[in-house]
Amino acid sequence: MACLRYQWTPYLMYGKKIEMGKHTTIYHQGDVGTGFYYLDKGSVKITLLSENGHERTIDYIPTGGLFGEHGAYNGSYLTSAITTSPSVIYFFSDEVLSRICQDYPQSAVIFTNSQIYKLRLLAEIIAFTDSPIELAMANYLLKLIAVHGTNHIPIDQTSFARYIDTSRITVNKTLQKWRQQGLIELSERSAIRVVDVEGLRGIYSRIQCK
């Protein structure tokens, strides 16, 4: 996903610029879509509502990232998107997407690859449902590093807990353990810095092989 960042910039002239405040819902899960979005500034979280009504935060969109691709061409949004800070986004309608793909054939590859990534993300969440907590947490942090292109992850422990469907206490206990082992550093501003990426990969591989 990191390699897709900013590749959509040349096409922003086609989109509709929208400014949104913090905690604004961009689209709701289950709504029939008429297009997709690009995050220019700010921050957006993606949530998934289970059949029993439990909401999980499953992703954070990096600046320069596409989201809501599954809502293109009258598809239903599989998730909900909510701003977590004042944001500037661009909306691309189905008609506009067709025009961009016609004028710039390479844009179709960028859009499709981003769409595939989102579907893989949903499949991954299902696959890790019954996995050990440390495995799920290590996997999520490694994924966020790849997506954001940095080992400094702006995520709070409550959101982390919602993603892997566990309690904040459980998440904090594991993070404190990793901090003592020198794998991570915890910021007072609700962020996690992975100091030893290879060490985290080692935990992931070791638990996965059990």
Can you find a pair of side-chain heavy atoms, one from [X] and one from [Y], that are under 4.5 Å apart?
{"X": "Lys118", "Y": "Gln115", "value": "no"}
{"X": "Trp178", "Y": "Leu141", "value": "yes"}
{"X": "Phe67", "Y": "Thr79", "value": "no"}
{"X": "Ile203", "Y": "Leu183", "value": "yes"}
{"X": "Tyr14", "Y": "Asp103", "value": "yes"}
{"X": "Asp196", "Y": "Gln181", "value": "no"}

Mind running salt bridge (Lys or Arg N to Asp or Glu O under 4.0 Å) on Asp59 and Lys143 for me, showing each step along the way?
CA-CA 10 Å; Asp59 200 12; Lys143 181 180 72 68; 3.6 Å; yes
Quick one: do [X] and [Y] end up in the same hydrophobic cluster if we chain Ile, Leu, Val, Met, Phe, Trp and Tyr together by side-chain heavy atoms under 4.5 Å apart?
{"X": "Tyr104", "Y": "Leu12", "result": "yes"}
{"X": "Leu186", "Y": "Leu142", "result": "yes"}
{"X": "Phe92", "Y": "Met13", "result": "yes"}
{"X": "Leu135", "Y": "Val194", "result": "yes"}
{"X": "Ile184", "Y": "Ile133", "result": "yes"}

Give the C-alpha distance, both sets of side-chain angles, the deciding distance and a yes or no for side chain to side chain contact (heavy atoms under 4.5 Å, CB included) between Glu134 and Met137.
CA-CA 5 Å; Glu134 283 197 59; Met137 289 180 61; 5.7 Å; no
For the pair [X] (side chain) and [Y] (backbone), establish whether a donor and an acceptor sit closer than 3.5 Å, ignoring hydrogens and angles.
{"X": "Gln29", "Y": "Leu49", "result": "yes"}
{"X": "Ser85", "Y": "Ser43", "result": "yes"}
{"X": "Ser93", "Y": "Gly35", "result": "no"}
{"X": "Ser80", "Y": "Thr47", "result": "no"}

Looking at every non-hydrogen atom in both residues, tell me the closest pair between [X] and [Y] and how far apart they are.
{"X": "Leu39", "Y": "Pro62", "value": "CD2-O, 4.0 Å"}
{"X": "Thr83", "Y": "Ile26", "value": "CG2-CD1, 3.9 Å"}
{"X": "Gly71", "Y": "Asp94", "value": "O-OD1, 4.4 Å"}
{"X": "Ala81", "Y": "Ile46", "value": "CB-CD1, 3.8 Å"}
{"X": "Thr63", "Y": "Gly42", "value": "OG1-O, 3.9 Å"}
{"X": "Ile145", "Y": "Val197", "value": "CD1-CG2, 4.2 Å"}

To the nearest 0.5 Å, tell me how far [X] [atom1] sits from [Y] [atom2].
{"X": "Ser87", "Y": "Ile18", "atom1": "OG", "atom2": "CD1", "result": "11.5 Å"}
{"X": "Leu48", "Y": "Glu55", "atom1": "CG", "atom2": "CD", "result": "9.0 Å"}
{"X": "Leu78", "Y": "Asp31", "atom1": "CG", "atom2": "CG", "result": "11.5 Å"}
{"X": "His152", "Y": "Leu144", "atom1": "NE2", "atom2": "CG", "result": "12.5 Å"}
{"X": "Ile169", "Y": "Asn172", "atom1": "CD1", "atom2": "CG", "result": "8.5 Å"}
{"X": "Gln157", "Y": "Ile155", "atom1": "CD", "atom2": "CD1", "result": "9.5 Å"}

Measure up the Trp8 and Phe36 rings against each other and bin them: parallel (under 30°), tilted (30 to 60°), perpendicular (over 60°).
perpendicular
What orientation do His70 and Tyr77 show, parallel under 30°, tilted 30 to 60°, or perpendicular over 60°?
perpendicular
Kindly indicate, with the supporting measurements, whether the criterion side chain to side chain contact (heavy atoms under 4.5 Å, CB included) is fulfilled by Phe160 and Ile192.
CA-CA 10 Å; Phe160 206 152; Ile192 300 171; 3.8 Å; yes
Could you walk me through whether Ser107 and Tyr11 pass the side chain to side chain contact (heavy atoms under 4.5 Å, CB included) test, one step at a time?
CA-CA 9 Å; Ser107 65; Tyr11 317 126; 3.7 Å; yes
Assess whether atom CD of Gln176 is packed by more than 12 heavy atoms of other residues, nucleotides or ligands within 6.0 Å.
yes
Side chains of Arg99 and Gln102 only: does a donor on one sit below 3.5 Å from an acceptor on the other?
no
Give me the one residue out of Phe91, Tyr38, Tyr90 that meets side chain to side chain contact (heavy atoms under 4.5 Å, CB included) with Lys17.
Tyr90
